[in-house]
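Counting convention: from 1, in listed order, for ligands and their atoms alike. Along the sequence shown, the residues carry numbers beginning at 1.
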Amino acid sequence: LKPDSLHHLPVHPLWQSPLTIPGGTRQSPINIQWRDSVYDPFLKPLKISYDPATCLHIWNNGYSFLVEFDDSTDRSIIDGGPLENQYRLKQFHFHWGAINDWGSEHTVDCKFYPAELHLVHWNAVVYPTFEEAVMEGDGLAVIGVFLKLGARHEGLQTLVDALPAVKHKDTVIEFDVFDPSCLMPSCPDYWTYAGSLTTPPLTESVTWIIKKQPIEVDEDQLEAFRMLLFTSDGEEEKRMVDNFRPLQPLMNRTVRSSFQ
Ligand SMILES: NS(=O)(=O)c1ccc(-n2ccn(-c3ccc(F)cc3F)c2=O)cc1
Ligand SMILES: [Zn+2]
């Protein structure tokens, strides 16, 4: 890419940034082609231990709504799986579509789910702050969980009930007890690959752990996501929908599976 050609990269209206990172070799999200994933018998089970009391607040950051956690200690962590160290939970958020035909960031055999949950963790064993971990190849670990249309999810409902209070960009409410483990599917199977953040700064610092089994949510719960706004109070309302990044090239990467 010659420098002047950067100005002609397609810029997706939502992301206000180049769709592809010049020189990017491990961008996310990707399509997971099930038959091309490679079973790795050395992958360990993922260990998750969250302390519900570390939950702080929910805020609408203009991209999604984030549930943020107190990551000043090792009270909410994940370990095992493909990870060399334990990683601390910082926040979780979702991506979803305007309709149920799409909304997830990752796809499986080119199939979209209506939404995708991301639990963002950082390597506090090696890096002193989240800000530094974001810049390092082994700095972050994000668990991705697909949402599919089905039965009402009782654990999610406490979160859904709070969403009207964060309808507008830059609004926040206290949310002091929530255990994200209730959003995990029962099946331990996952895929894992080396990738990036899917919104700016798009840094190539994420070990992705994508759960094979989706969780079920009902239509009302998805509609509750869709009534959020990208816009601040007083601005012309823009519904917060389709906040997912387009698929990125796999390039020289292998997706490993924890299951045969
Ligand atoms: N969708 S995702 O890949 O899970 C994803 C995408 C972007 C982020 N993200 C965006 C800005 N930040 C961020 C927040 C605080 C900070 F100090 C540094 C950051 F990069 C961040 O973690 C976090 C997670
Ligand atoms: Zn995300």
Side-chain angles (χ1 to χ4, degrees), residues 12 14-21 24-32 46 56-72 76 78 81-83 87-97 102-107 112-124 126-147 156 159 169-170 172 180 183-184 190-211 214-215 222 225 228 230 240-248 253 255:
H12 188 276
L14 183 60
W15 302 119
Q16 305 307 323
S17 70
L19 281 185
T20 58
I21 287 292
T25 59
R26 50 175 280 192
Q27 288 290 294
S28 294
I30 59 167
N31 173 54
I32 295 168
L46 190 61
L56 293 172
H57 52 250
I58 309 176
W59 72 295
N60 176 332
N61 72 347
Y63 278 116
S64 179
F65 65 95
L66 276 71
V67 181
E68 294 218 287
F69 288 77
D70 168 9
D71 60 349
S72 59
S76 289
I78 58 171
L83 304 171
Y87 286 63
R88 268 185 207 166
L89 176 65
K90 179 169 177 56
Q91 52 103 332
F92 70 79
H93 62 274
F94 298 81
H95 303 262
W96 59 91
W102 59 72
S104 59
E105 294 219 291
H106 293 86
T107 54
F112 282 95
Y113 285 88
E116 185 173 334
L117 160 65
H118 289 158
L119 296 122
V120 181
H121 310 74
W122 60 283
N123 184 345
V126 173
Y127 304 109
T129 65
F130 177 81
E131 287 75 0
E132 286 180 72
V134 162
M135 308 307 290
E136 303 292 336
D138 61 349
L140 303 181
V142 182
I143 299 176
V145 181
F146 295 117
L147 276 62
L156 183 71
L159 195 47
K169 181 180 180 215
D170 296 332
V172 60
L183 300 174
M184 284 297 139
Y190 62 84
W191 290 284
T192 183
Y193 77 96
S196 74
L197 297 179
T198 64
T199 70
L202 299 170
T203 46
E204 299 186 329
S205 53
V206 181
T207 299
W208 280 96
I209 299 166
I210 308 286
K211 301 294 284 185
I215 59 171
L222 285 171
F225 286 13
L228 294 169
F230 282 127
M240 184 180 274
V241 292
D242 299 333
N243 56 354
F244 58 93
R245 189 190 192 195
L247 292 171
Q248 301 297 306
R253 289 180 283 182
V255 177

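- At the top of the distance list for atom 1 (N) of ligand 1, counting protein heavy atoms only, stands T198 OG1, 2.8 Å.
- For W208, the closest heavy-atom approach to ligand 1 falls below 4.0 Å.
- Of all the N, O or S atoms in H93, the one closest to the Zn ion (ligand 2) is NE2.
- By the criterion of a heavy-atom distance under 4.0 Å, both the backbone and the side chain of T199 are placed next to ligand 1.
- Taking every heavy atom of both residues into account, N123 and A133 meet most closely at N-CB, 4.5 Å.
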Quiz prompt | Verdict with reasoning, H95 to E116, per side-chain hydrogen bond (donor to acceptor under 3.5 Å, both in side chains) | solution = CA-CA 5 Å; H95 303 262; E116 185 173 334; over 6 Å; no
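- Under the 4.0 angstrom criterion for non-hydrogen atoms, P200 is in contact with ligand 1.
- Within the listing of ligand 1, atoms 17 (F) sit less than 4.0 angstrom from a heavy atom of E131.
- Look at Q91 and you'll find a heavy atom under 4.0 Å from some atom of ligand 1.
- Aromatic ring centres of H106 and W191 lie farther apart than the 6.0 Å criterion allows.
- Below 4.0 Å from some heavy atom of H93 lie the following atoms of ligand 1, by number and element: 1 (N), 2 (S), 4 (O), 24 (C).
- A donor-acceptor pair is defined here as one N or O able to donate and one able to accept, closer than 3.5 Å; such a pair exists between the side chain of R245 and the backbone of S28.
- Near P201, meaning under 4.0 Å from any of its heavy atoms, are these atoms of ligand 1: 10 (C), 11 (C), 20 (F).
- When distances from the Zn ion (ligand 2) to the N, O or S atoms of H95 are compared, NE2 comes out shortest.
- Nearest heavy atoms, L117 versus L183: CD2-CB, 3.7 Å.
- A side chain to side chain contact (heavy atoms under 4.5 Å, CB included) with I209 is found for exactly one of V142, L119, L83, namely L83.
- Among protein heavy atoms, atom 5 (C) of ligand 1 sits closest to L197 CD2, 3.7 Å.
- Among W208, F244, Y63, the single residue meeting the ring-ring contact (aromatic ring centres under 6.0 Å, His included) criterion with H118 is W208.
- Close approach of ligand 1 to V134 is summarised as follows: ligand atoms under 4.0 Å from at least one heavy atom of the residue are 20 (F).
- Each of the atoms 1 (N) of ligand 1 lies under 4.0 Å from some heavy atom of H95.
- Side chains of Y190 and I210 form no contact here, defined as non-hydrogen atoms less than 4.5 Å apart.
- Sorting the N, O or S atoms of H118 by how far they are from the Zn ion (ligand 2) puts ND1 first.
- Interatomic distance, K90 NZ to F69 CZ, rounded to the nearest 0.5 Å: 11.5 Å.
- The two atoms that bring F225 and W96 nearest to each other are O-CZ2, 3.4 Å, heavy atoms only.
- Taking atom 14 (C) of ligand 1 as the reference point, the nearest protein heavy-atom neighbour is F130 CE2, 3.8 Å.
- By the criterion of a heavy-atom distance under 4.0 Å, neither the backbone nor the side chain of F92 is placed next to ligand 1.
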